[in-house]
Amino acid sequence: MRIERWIILLLGMALVQAWWQRTKDQLPRHWHPKSPKDCPLCQAEAVRSLEPVVDIPAVEPYPESKSQRGRKKTVLTKGYACPYSGWKYFGVTEAERHALVGFGKLGENQDIQRLRCQACGGTFSSRKGTPLYYIKSEAKEVEEVLWWLAEGVDLSVLVRKTGHCESTLTTWLNRMGEHSARWHDRLFRNLSIALIQMDELYAKVRGVEDARWLWLAIDPKSKALFALHLGLRRSDDAYTLVHKLKKYLHPDCVPAFTTDGLRSYFYAVTAHFGRWFRPPRARTDHWQVDERLTGQAS
């Protein structure tokens, strides 16, 4: 009799647990929103904003400070800048202000323009800052290899076809990836998007024991990839993804979000879309989530 009672008791507990699980799934979710204080990247930017800002004095245009005698410029230098830091014309891309002039050409076909800064005397090629810098192979061959790698062709196949070693092709790919990331950060600014789809995918990384997850923020209509992050499946990774996405959007843009229901997305979105305000008789500011996020389904 005692064993039968225990069996009945265990069955009753299992039924109650199953009923409670079904009931809990139907109850509304009571998740507490977060604020920028919970995002590590927002906190790091807040610390940097407290550092004193050093005013950089305006640079005098170089043509006004040099003699008007001599040969006139014949090479268009607009868009290029002196890459040597420590000089006053470092990073100046305006042709009317910087001190760059043509300084011959390089390459087997003499198709690589060489430039010289008259202020510091440094020379560099027009490929400086591009994936083709210091690459002896032809640009057409590099472009073809990168195209096939983007299409998913195995690296060993391209090694046999081109005759280059695997490390060379990997260097080309890494350079192009870093350059594309910089262009992405420069061009994707002040975007107004109606819908953002966020998801995380399991990714196998060679030589890494722990699992890696690829976090993505995509526009389902245009298929544009706005932000991605490779990391673990933790809340800090969700904060990183949404933080990257937020800097590409217009300040007044609050898109609708669709996710797989992971709670970290809710915390990350509520921490980045809202405003600080101070209620009456309050001593500190409170974070208020943007009203346009209310009612969005996760």
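Fair warning: this is a prediction, and the values are worked out from it, not measured in the lab. Every heavy atom of this structure was used, including side-chain atoms; hydrogens, water molecules and symmetry mates were not.
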**Student:** So Val92 and Cys82, do their side chains get closer than 4.5 Å, heavy atoms only?
**Tutor:**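 No. Closest side-chain heavy atoms not under 4.5 Å.
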**Student:** Calculate, to the nearest 0.5 Å, the distance between atoms CD and CG belonging to Glu144 and Leu158 respectively.
**Tutor:**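 Between atom CD of Glu144 and atom CG of Leu158 there are 8.5 Å.
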**Student:** Side chain of Arg175, backbone of Pro131: donor and acceptor closer than 3.5 Å?
**Tutor:**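 Looks like yes, one N/O pair under 3.5 Å.
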**Student:** Can Phe273 and Leu249 be said to form a side chain to side chain contact (heavy atoms under 4.5 Å, CB included), step by step?
**Tutor:** CA-CA 11 Å; Phe273 293 90; Leu249 300 179; 3.9 Å; yes
**Student:** Between Val142 and Ser137, is there a side-chain heavy-atom distance shorter than 4.5 Å?
**Tutor:**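 Ser137 reaches Val142 side chain to side chain.
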**Student:** So, for Cys165 and Val159, which heavy atoms are closest and what is the spacing to 0.1 Å?
**Tutor:**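 Nearest pair, atom of Cys165 first, then Val159: C-CG2, 4.3 Å.
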**Student:** So among Tyr80, Tyr84, Tyr62, which one has a ring-ring contact (aromatic ring centres under 6.0 Å, His included) with Tyr89?
**Tutor:**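 That would be Tyr62; it is the only one of Tyr80, Tyr84, Tyr62 passing the ring-ring contact (aromatic ring centres under 6.0 Å, His included) with Tyr89.
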**Student:** Within a radius of less than 6.0 Å around CH2 of Trp148, do more than 12 heavy atoms belonging to other residues, nucleotides or ligands occur?
**Tutor:**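 12 or below, so no.
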**Student:** Quick check: closest heavy atoms across Leu241 and Leu216, and the distance to 0.1 Å?
**Tutor:**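 In this case the closest contact between Leu241 and Leu216 is CD2-O, 3.8 Å.
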**Student:** Please name the pair of heavy atoms, one in Lys244 and one in Leu228, separated by the smallest distance, quoted to 0.1 Å.
**Tutor:**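 Heavy-atom minimum between the residues: NZ-O, 3.2 Å.
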**Student:** Distance from Leu245 atom CG to Met198 atom CE, nearest 0.5 Å?
**Tutor:**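 Answer for the CG-CE pair, Leu245 versus Met198, is 7.0 Å.
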**Student:** Would you find a donor on one side and an acceptor on the other, under 3.5 Å apart, between the side chain of Trp287 and the backbone of Thr270?
**Tutor:**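 Here the side-chain-to-backbone pair exists.
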**Student:** What residues join Leu76 in its hydrophobic cluster, counting side-chain heavy atom gaps under 4.5 Å, either direct or through other members?
**Tutor:**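 None, because no other hydrophobic side chain comes under 4.5 Å of this residue.
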**Student:** Restricting to side-chain hydrogen bond (donor to acceptor under 3.5 Å, both in side chains), what partner residues turn up for Asp236, sequence neighbours left out?
**Tutor:**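 Residues passing side-chain hydrogen bond (donor to acceptor under 3.5 Å, both in side chains) with Asp236: none at all.
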**Student:** Please check this pair: side chain of Arg97 against backbone of Thr93, looking for a donor-acceptor N/O pair closer than 3.5 Å.
**Tutor:**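 Here the side-chain-to-backbone pair does not exist.
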**Student:** Could you tell me which residues satisfy ring pair (Phe, Tyr, Trp, His ring centres under 6.0 Å) with Tyr248, sequence neighbours excluded, listed by chain and number?
**Tutor:**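 Tyr248 satisfies ring pair (Phe, Tyr, Trp, His ring centres under 6.0 Å) with His184 once adjacent residues are dropped.
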**Student:** Indicate the atoms forming the closest heavy-atom contact of Val75 with Gly102, along with that distance.
**Tutor:**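 Minimum heavy-atom contact is CG2-CA, 3.9 Å.
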**Student:** My understanding is that a hydrophobic cluster links ILVMFWY residues whose side chain heavy atoms are under 4.5 Å apart, including indirect links. Using that, what else belongs to the cluster containing Phe103?
**Tutor:**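 ILVMFWY cluster around Phe103 holds nothing else.
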**Student:** Just so I know, are the side chains of Tyr134 and Arg127 near enough to count as touching, which here means a heavy-atom distance under 4.5 Å?
**Tutor:**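 A side-chain contact under 4.5 Å is absent here.
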**Student:** Counting C-beta onward and ignoring hydrogens, is there a side-chain heavy-atom pair between His286 and Arg278 closer than 4.5 Å?
**Tutor:**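 Result no, sub-4.5 Å side-chain heavy-atom pair not found.
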**Student:** Using the rule that two of Ile, Leu, Val, Met, Phe, Trp, Tyr join whenever any of their side-chain heavy atoms come within less than 4.5 Å, decide whether Phe90 and Val101 are in one cluster.
**Tutor:**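 Looking at the clustering, Val101 is in a separate group from Phe90.
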**Student:** When rounded to the nearest 0.5 angstrom, what distance separates OG in Ser180 from CG in Leu187?
**Tutor:**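 These two atoms lie 10.5 Å from each other.
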**Student:** Mind checking whether Leu195 and Pro220 have side chains closer than 4.5 Å, heavy atoms only?
**Tutor:**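 Yes, close enough: below the 4.5 Å cut-off.
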**Student:** Any heavy-atom pair between the side chains of Thr123 and Leu115 that's under 4.5 Å?
**Tutor:**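 With C-beta onward as the side chain, the pair stays apart.
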**Student:** Sequence neighbours left out, what passes ring pair (Phe, Tyr, Trp, His ring centres under 6.0 Å) with Trp172? Give chain and number order.
**Tutor:**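 Trp172: ring pair (Phe, Tyr, Trp, His ring centres under 6.0 Å) contacts with His164.
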**Student:** Rounded to the nearest 0.5 Å, how far apart are CD of Glu45 and SG of Cys39?
**Tutor:**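 One gets 8.0 Å once the value is rounded to the nearest 0.5 Å.
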**Student:** Kindly indicate whether the side chain of Leu169, heavy atoms from C-beta on, has any atom under 4.5 Å from the side chain of Glu166.
**Tutor:**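 No, their side chains stay 4.5 Å or more apart.
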**Student:** Between Lys73 and Thr77, is any side-chain donor less than 3.5 angstrom from a side-chain acceptor?
**Tutor:**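 Result is yes, a qualifying pair exists.
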**Student:** Just jot down the ring pair (Phe, Tyr, Trp, His ring centres under 6.0 Å) partners of His98, sequence neighbours excluded, or say none.
**Tutor:**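 His98 satisfies ring pair (Phe, Tyr, Trp, His ring centres under 6.0 Å) with no residue once adjacent residues are dropped.
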**Student:** Would you say that Leu149 contacts Val153 through its side chain, given a criterion of any heavy-atom pair below 4.5 Å between the two side chains?
**Tutor:**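 When only atoms from C-beta onward are counted, Val153 and Leu149 do not touch, as no gap falls below 4.5 Å.
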**Student:** Shortest non-hydrogen contact from Gln43 to Pro36?
**Tutor:**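 For Gln43 and Pro36, the tightest heavy-atom pair comes out as OE1-O, 3.6 Å.
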**Student:** Is there a continuous path of hydrophobic side-chain contacts, each under 4.5 Å between heavy atoms, that joins Met13 to Leu15?
**Tutor:**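 No, Met13 does not connect to Leu15 through the hydrophobic network.
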**Student:** Linking I/L/V/M/F/W/Y whenever their side-chain heavy atoms sit closer than 4.5 Å, directly or via other members, would Leu293 and Ile193 fall into one cluster?
**Tutor:**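 Both belong to a single hydrophobic cluster.
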**Student:** Side chain to side chain contact (heavy atoms under 4.5 Å, CB included) for Tyr239 and Asp38? Distances and angles first, verdict last.
**Tutor:** CA-CA 9 Å; Tyr239 285 124; Asp38 300 297; 3.6 Å; yes
**Student:** Please name the pair of heavy atoms, one in Val242 and one in Ala268, separated by the smallest distance, quoted to 0.1 Å.
**Tutor:**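 So the two residues come closest at CG2-CB, 3.5 Å.
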**Student:** As a test of understanding, state which of Thr258, Asp219, Asp260, Thr259 forms a side chain to side chain contact (heavy atoms under 4.5 Å, CB included) with Gln197.
**Tutor:**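 Between Gln197 and the candidates, side chain to side chain contact (heavy atoms under 4.5 Å, CB included) is satisfied uniquely by Thr258.
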**Student:** What's the spacing between His32 NE2 and Phe266 CZ if we round to 0.5 Å?
**Tutor:**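 Those atoms lie 9.0 Å apart.
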**Student:** With side chain to side chain contact (heavy atoms under 4.5 Å, CB included) as the criterion, how do Cys120 and Lys88 come out once you've worked through the C-alpha distance, each side chain's angles and the decisive distance to 0.1 Å?
**Tutor:** CA-CA 9 Å; Cys120 67; Lys88 62 180 181 179; over 6 Å; no
**Student:** Would Trp147 and Glu143 satisfy side chain to side chain contact (heavy atoms under 4.5 Å, CB included), going step by step from the backbone distance to the final call?
**Tutor:** CA-CA 6 Å; Trp147 173 263; Glu143 180 182 357; 5.6 Å; no
**Student:** Tell me yes or no: between the side chains of Glu200 and His229, is some donor less than 3.5 Å from an acceptor?
**Tutor:**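 Short answer, no.
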**Student:** Check the surroundings of atom CD in Gln17: do more than 12 heavy atoms from other residues, nucleotides or ligands lie under 6.0 Å from it?
**Tutor:**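 Result for CD/Gln17: open.
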**Student:** Are Trp183 and Met176 grouped together when hydrophobic residues (ILVMFWY) are joined by side-chain heavy atoms under 4.5 angstrom apart?
**Tutor:**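 Hydrophobic grouping puts Trp183 apart from Met176.
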**Student:** Is there a donor-acceptor pair closer than 3.5 Å between any side-chain N or O of Asp185 and the backbone N or O of Arg182?
**Tutor:**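 It does not hold such a pair.
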**Student:** Under 3.5 Å, is there a donor-acceptor pair between the Asn174 and Thr171 side chains?
**Tutor:**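 Short answer, no.
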**Student:** Decide whether Ile135 and Phe124 are clustered together by the hydrophobic rule: side chain heavy atoms of Ile, Leu, Val, Met, Phe, Trp, Tyr closer than 4.5 Å, transitively.
**Tutor:**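 No, it is not one cluster - the side chains of Ile135 and Phe124 are not joined through contacts under 4.5 Å.
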**Student:** Going through the checks in order, is the salt bridge (charged side-chain N to carboxylate O under 4.0 Å, His left out) test met by Lys161 and Glu141?
**Tutor:** CA-CA 11 Å; Lys161 180 180 184 302; Glu141 182 183 10; over 6 Å; no
**Student:** Rounded to the nearest 0.5 Å, what's the gap from CZ on Phe226 to CD1 on Ile218? Could you check?
**Tutor:**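 Rounded to the nearest 0.5 Å, the CZ-CD1 separation comes to 9.5 Å.
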**Student:** Verify whether the ring centers belonging to Phe257 and Tyr265 lie closer than 6.0 Å.
**Tutor:**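 Phe257 vs Tyr265: aromatic centres not under 6.0 Å.
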